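Reminder, nothing fancy here: chain letters follow the sequence lines and each chain counts from 1. What you see is a predicted model, and the numbers here were worked out from it, not measured in a lab.
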Amino acid sequence: MQNNAEHDQVNKLTTGNLQAGEMQQQVLPFAFIRGEAIVEKPQDLFIPPDALEIILESFEGPLDLLLYLIKKQKFDILDLPIAPITTQYMSYVELMKDVKLELAAEYLVMAAILAEIKSRLLLPKQQVEEDEEDPRAELVRRLQEYEVIKRAAQNIDELPRLERDIAIANASFSTTFTYKTRAAEVELADLVTALQAVLKRTQAFEHHHIAKETLSTRQRMSDILTKLSAANGNHFIKFESLFDVSEGRHGVVVTFLAVLELLKEQLIVCQQVQNLGDIHVRLKEAEDSYDQH
Amino acid sequence: MISTKHLEQLIEAAVFSSDKPLSIKKIKDQLLPHYGIATPQIKQALINIEKHYRPRGVNLVEVASGFQFQIKAEHNEDIALLTEEKPQKYSRALLETLALIAYKQPITRSEIEDVRGVAVSSHIIKTLIEREWIKILGYKEVPGRPSMYGTTKEFLDYFSLKSLDQLPDLIPIEESSIVNGTMQDIIPFNIKK
Amino acid sequence: MISTKHLEQLIEAAVFSSDKPLSIKKIKDQLLPHYGIATPQIKQALINIEKHYRPRGVNLVEVASGFQFQIKAEHNEDIALLTEEKPQKYSRALLETLALIAYKQPITRSEIEDVRGVAVSSHIIKTLIEREWIKILGYKEVPGRPSMYGTTKEFLDYFSLKSLDQLPDLIPIEESSIVNGTMQDIIPFNIKK
């Protein structure tokens with residue numbers, strides 16, 4: 001009866017109403033890693049709600065969740081015990097609701113299917129027509145078909161593939177050979193059309209983000225980054241040297257906005273060693289972020 | 001005329017220079033149109049080249065759309081140190097969709113959804129089409145005329161496969177990991193592979 | 001330790017896999033940091049590889065920034081036939097990626113993906129970098145430190161622009177003639193060429 005402890009856990013999970021406040025004591029009997037590996041957690045381990053969300057999110061849908069439950073309880077799928085499966089399934093769906101996970105309608109459809117099968121199984125035997133199929137058959141067929149594909153997907157993921165496992169060996173023409181592959185030509189209008197197509201599709205941007213003013217700030221941001229990376233990696237350069245007075249007031253403002261934006265995005269570091277001393281600027285390095293912790 | 005040695009050199013150089021796998025047809029029609037070389041000679045040259053490179057750091061490999069030189073697998077880990085770009089990871093949803101299209105093609109989106117039990121996002125289909133791993137094979141003669149998808153040669157090339165036959169076998173349904181086999185005769189199964 | 005043969009294989013594979021010439025320093029520091037190989041050994045390996053390839057279709061050549069495999073000069077003309085095709089066209093995916101980089105730089109790959117709703121393939125980024133239209137401006141301080149891309153001087157030159165300011169303004173989405181059905185702003189921006 002090695003499953004007793006697990007069953008207890010599951011029972012707790014299914015009978016206990018999982019309000020956020022009780023989460024502290026509530027123990028989840030499993031963890032789900034990379035969609036596959038199932039690791040038993042120590043009983044007293046508290047799983048914070050956002051981790052729980054990740055666990056629940058790792059199910060690819062109702063079939064995946066059902067498969068997990070069946071495996072977890074070592075149920076024989078051919079003798080699918082619909083009652084406990086349904087109860088457990090519903091407890092997970094409740095959990096998903098509790099953590100306000102956007103619950104796909106498919107999960108509720110499956111709940112209805114399970115409930116229907118359960119009710120049909122409860123009917124006295126003689127009332128069921130003789131040639132009627134076991135009401136679980138269709139569900140079992142779907143579960144098995146899904147499992148086959150789930151495994152096939154894992155196999156495909158393990159195949160050696162370009163970029164990750166296979167590198168191509170190439171040789172180039174000698175530099176003295178003038179032949180050059182003709183690269184494709186692009187018209188400026190193509191570029192605009194392309195961007196408008198994206199924007200139309202997504203409508204993700206407000207148009208003012210792409211207004212001219214922002215654009216020149218963005219260009220200035222690029223210029224400053226280029227300047228700083230040309231300044232030998234992590235060397236500082238003088239703040240003033242970023243400005244070009246000949247550009248007039250407008251240019252100075254744009255540069256200043258660009259510096260502020262870069263600081264906000266944590267791409268550069270400004271330093272003033274003494275009060276009223278020179279301000280220096282450099283690219284932010286990887287180590288900088290470690291220092292902060 | 002062209003000597004066997006010269007022919008091998010030329011084909012070898014051509015395969016190395018091409019960024020896509022090079023087919024025998026392309027070698028014959030585009031590389032050697034002036035030499036009048038027959039296909040068997042090209043094949044023999046490729047065999048010789050393949051043999052020559054076996055003990056070297058790169059190997060001649062045939063994939064779906066032709067021949068290419070690949071870095072010997074055992075060096076991959078070391079070579080990866082030279083590149084910064086991290087390879088992309090693909091979600092389970094995308095891989096399951098791809099698996100269904102690869103194994104059950106031609107297949108429509110709603111057929112994919114039936115098996116997976118969840119909606120397939122347009123994002124996934126778009127990504128697969130843009131990667132040129134899948135394409136529309138035609139339209140199903142049912143209401144709405146939905147697109148039927150199948151995999152491409154580029155898909156096979158990407159996974160270094162010559163044909164769909166080389167995909168790993170699907171597990172037989174009886175080997176489903178969740179079956180204990182105690183009550184096998186309860187439900188009549190007839191599930192097509 | 002590593003055998004002479006294995007060392008040669010590895011260096012050969014590395015030079016073949018790199019898109020840029022590979023320097024001895026990079027071989028030593030980035031490819032072989034764990035093997036403790038001295039520079040003279042690397043040089044000897046390169047000499048041996050060079051010798052081996054002399055009678056082959058590609059040769060190991062030292063250029064200013066390191067070593068690379070080049071097609072033997074006598075095959076250049078034949079192989080050029082292979083690449084001489086109709087001028088290619090760039091995919092919509094590439095153009096959209098380029099447009100986003102131009103208008104929204106500095107921008108990371110995942111930000112591009114967020115807007116386009118589709119994964120951006122490494123191939124597209126590589127093509128744009130090879131074309132010298134985009135470059136890496138720096139690395140964003142978020143987990144993974146992704147590259148931030150921006151356009152280059154060459155990009156401006158190609159499109160005959162003096163600065164990014166000269167990129168055409170975009171029509172606001174809601175004013176688009178398609179959305180509100182008026183035709184007055186059918187050509188809403190001036191394209192300078």
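- Most heavy-atom pairs under 4.5 Å with chain C: of the set Asp19(B), Ile124(B), Asp29(B), Ile79(B), this distinction falls to Ile79(B).
- If you measure heavy-atom distances from Ser17(C) to chain B, the contacts under 4.5 Å come from both the backbone and the side chain.
- Heavy atoms closer than 4.5 Å to chain C are found in the side chain of Tyr35(B), but not in its backbone.
- Side-chain contact between Arg116(C) and Lys126(B) is absent, with no heavy atoms from C-beta onward closer than 4.5 Å.
- With values rounded to the nearest 0.5 angstrom, Glu130(B) atom CD is found 7.5 Å from Glu96(C) atom CD.
- Of the residues considered (Lys72(C), His123(C), Lys26(C), His52(C)), His52(C) shows the highest number of contacts with chain B, using heavy-atom pairs under 4.5 Å.
- If you tally non-hydrogen atom pairs under 4.5 Å between each of Pro146(C), Pro33(C), Pro55(C) and chain B, the highest count goes to Pro55(C).
- Distance CD1/Ile11(C) to CG/Asp78(B): 11.0 Å, rounded to 0.5 Å.
- The two atoms that bring Gly57(B) and Ala13(C) nearest to each other are O-CB, 3.7 Å, heavy atoms only.
- Of all the listed residues (Lys5(C), Glu8(C), Glu12(C), Glu74(C)), the one sharing the greatest number of non-hydrogen pairs under 4.5 Å with chain B is Glu12(C).
- A heavy-atom distance below 4.5 Å is not found between the side chains of Leu82(C) and Ile27(B).
- Only the side chain of Arg131(B) comes within contact range of chain C, with heavy atoms under 4.5 Å apart.
- The side-chain heavy atoms of Leu81(C) and Leu31(B), taken from C-beta on, include no pair separated by under 4.5 Å.
- Taking the six-membered ring for Trp and thresholds of 30 and 60 degrees, His6(B) and His75(C) have ring planes more than 60 degrees apart, a perpendicular arrangement.
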